[in-house]
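All of these numbers come straight from a predicted model, not from anything done at the bench. When reading the values below, keep in mind they use all heavy atoms of this one structure, side chains included, and skip hydrogens, waters and symmetry mates.
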Amino acid sequence: MKDFKDKVLVVTGAGFGIGRAIAIEGAQRGMKVVINDICAETLAETKKMIEEIGVPVVEFAADISLAENVKKLLDITLENFGKVNICCANAGVTLPGPIWETPIKDIDWIVDCNFTSHTYAMHYFIKQMIEQGDECAFMNTASGAGLMVSASSCMYHATKNADVVQTEATYLAMKLRGITNVQMHVLCPAFIKTEIHLSDKHRPERYAMDDDPYYQSDEYIAGCIRAAAGVATGIPVDSVGMTVFQGFEDNKFYILTHPEAAYGMVPRTQAILSGKHPT
């Protein structure tokens, strides 16, 4: 995809961070924009930034991990602009710790936000794109963590790996069926200066923190400190939108903010090929 002017961009998780950067980059390229986030306040800030660029923008504050809200997001897009050309399923959260200590509701929360919401978006928006028949693109925001594994943040790695695989599988499914009008992409960023380490601020009410002792544990506190330290070393988020749109222009399936992140898969691949345990 080379021409973006007057095409329609939909971005989830656009209230801040990577989602906001993608939405603003699309607006600067003359796109009509639909933005979603669970946080109405920060979403309104993103909308104001886009309005100042001078392109049409519609906001929809809702929990995108619910299928009915994903369907409503598509309906709002079609009601306002009649089509969708790019959808970026970007909403995501993180949580530290091993699986045996992670509270069950947090397992559900991170799966619903990082993976299920993206899969719902693929279901509804790709179907619409295929029916339109014009040039379209769909992108999931996974992570460099989706190309590797580590001993921390087990659920984050699991859901981000699932994001990558779902995107790969969908690309192959369309190729097998001769569907050529929809580009597929997966964004795998490494450390970016966002608020991903503050995910607890954006929990849906049904996953609100309670008195579970895990939240006072050394494991949880140390994990939050590690996440904050990693984010602090990241690159500015402003550059990510340009990287994403360059990926659209070049039709790159794997879009990396840090090319070296791809080497994170090497130890895992070598272990599989050699029959060894993970390293």
Closest non-hydrogen atom pair between [X] and [Y], with its separation:
{"X": "N161", "Y": "M148", "result": "ND2-O, 3.1 Å"}
{"X": "P96", "Y": "Y220", "result": "CG-O, 3.7 Å"}
{"X": "M129", "Y": "V84", "result": "CG-O, 4.0 Å"}
{"X": "H157", "Y": "A145", "result": "ND1-O, 3.0 Å"}
{"X": "M1", "Y": "Q183", "result": "N-OE1, 2.6 Å"}

Evaluate the side-chain proximity of [Y] to [X]: yes if any heavy-atom separation is below 4.5 Å, no if none is.
{"X": "I126", "Y": "M184", "value": "yes"}
{"X": "M155", "Y": "V111", "value": "yes"}
{"X": "K48", "Y": "E52", "value": "yes"}
{"X": "P103", "Y": "D212", "value": "yes"}

Near [X] [atom1], under 6.0 Å, is it more than 12 heavy atoms from other residues, nucleotides or ligands?
{"X": "F253", "atom1": "CZ", "result": "yes"}
{"X": "K83", "atom1": "NZ", "result": "yes"}
{"X": "D218", "atom1": "CG", "result": "no"}

Side chain [X], main chain [Y], donor-acceptor under 3.5 Å:
{"X": "K276", "Y": "I272", "result": "no"}
{"X": "H185", "Y": "K252", "result": "yes"}
{"X": "T12", "Y": "N36", "result": "no"}
{"X": "H118", "Y": "N140", "result": "no"}

Between [options], which is the residue that forms a side chain to side chain contact (heavy atoms under 4.5 Å, CB included) with [X]?
{"X": "D37", "options": "T42, N90, I64", "result": "T42"}
{"X": "M139", "options": "V186, I86, V244", "result": "V244"}
{"X": "V33", "options": "V8, T46, V10, I50", "result": "I50"}

*Start with the C-alpha distance between D210 and K105, add both sets of side-chain angles, then the distance that settles salt bridge (charged side-chain N to carboxylate O under 4.0 Å, His left out), and finish with yes or no.*
CA-CA 10 Å; D210 53 23; K105 69 175 180 180; 3.0 Å; yes
Run E59 and K47 through salt bridge (charged side-chain N to carboxylate O under 4.0 Å, His left out) and show every step you take. CA-CA 7 Å; E59 63 182 320; K47 182 182 180 185; 3.4 Å; yes
From the list D63, D106, D112, salt bridge (Lys or Arg N to Asp or Glu O under 4.0 Å) with R203 holds only for D106
Is it true that K72 and E68 have a side-chain N and a carboxylate O under 4.0 angstrom from each other?
-> no
Are D75 and K71 close enough for a salt bridge, meaning some N to O gap below 4.0 Å? yes
Gap between atom OH of Y214 and atom CG of L95 - 0.5 Å precision
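Going from the CG atom of L95 to the OH atom of Y214 covers 5.5 Å.
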Steps toward side-chain hydrogen bond (donor to acceptor under 3.5 Å, both in side chains) verdict (R20, T194): CA-CA 10 Å; R20 175 180 285 175; T194 67; over 6 Å; no
Parallel, tilted or perpendicular for F16 and H202, by the 30°/60° rule?
-> parallel
